[in-house]
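First comes the structure, then the notes that go with it.
First listed ligand is number 1; within each ligand, the first listed atom is number 1. Heads up: numbering here begins at 1 and tracks the sequence.
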Amino acid sequence: MSEQGVFPSILTQPSTDDASRPFWEASVEGRLVAPRCTNCGTFRLPPPPICFVCQHRDVEWMELPGTGAVYSFTVVRHPLAKMLNESVPYAAGVIELDGTQGAGARMIANIVECNVETLRIGDRVEIVWEHVSDEMAVFRFRPIPA
Ligand SMILES: [Zn+2]
């Protein structure tokens with residue numbers, strides 16, 4: 001099913017690995033978690049096998065509030081694939097996550113339930129989850145009403 005402003009879920013065949021499994025397990029519970037390096041405190045999202053700052057391997061999974069601010073975004077008006085005909089125009093952006101300031105965790109996501117003509121950098125947003133299977137929920141963000 002497609003609707004204007006919403007990029008369709010294409011993750012119908014969930015595939016997780018050891019590095020990302022805690023993220024997807026939390027997703028089905030509607031919780032946002034992110035791995036933080038136990039050595040230097042840098043968030044690693046999405047999780048690489050080693051820290052890109054200090055090359056340490058171990059992480060601790062931190063629960064985040066699921067809110068943040070629009071760091072950057074674009075509005076897609078031209079459907080690059082037939083499956084997107086009903087979705088355009090939609091906003092895709094980089095979200096700077098609350099609880100990670102100074103340690104850099106940002107997520108790229110579809111920003112839904114917004115007016116793409118008035119969306120602005122710095123707008124406050126919150127995560128919304130769409131359950132696509134028993135093992136995975138897909139994330140999007142929507143503006144927090146002022
Ligand atoms: Zn590190």
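For Asp123, there are no salt bridge (charged side-chain N to carboxylate O under 4.0 Å, His left out) partners at least two apart in sequence or on another chain. Applying the salt bridge (charged side-chain N to carboxylate O under 4.0 Å, His left out) criterion to Arg21, with sequence neighbours excluded, gives Asp18. Val59 meets the side-chain contact (heavy atoms from CB on, under 4.5 Å) test with Pro35, Arg44, Trp61; sequence neighbours excluded.
Judged purely by distance below 3.5 Å, without hydrogens or angles, the side chains of Ser9 and Glu130 pair a donor atom with an acceptor atom.
Asn39 places no side-chain N or O within donor-acceptor distance of the main-chain N or O of Cys54, the cut-off being under 3.5 Å.
The number of protein N/O/S atoms found under 2.8 Å from the Zn ion (ligand 1) is 4.
Under the 4.5 Å side-chain heavy-atom criterion for Ile, Leu, Val, Met, Phe, Trp and Tyr, Tyr71 and Tyr90 are members of distinct hydrophobic clusters.
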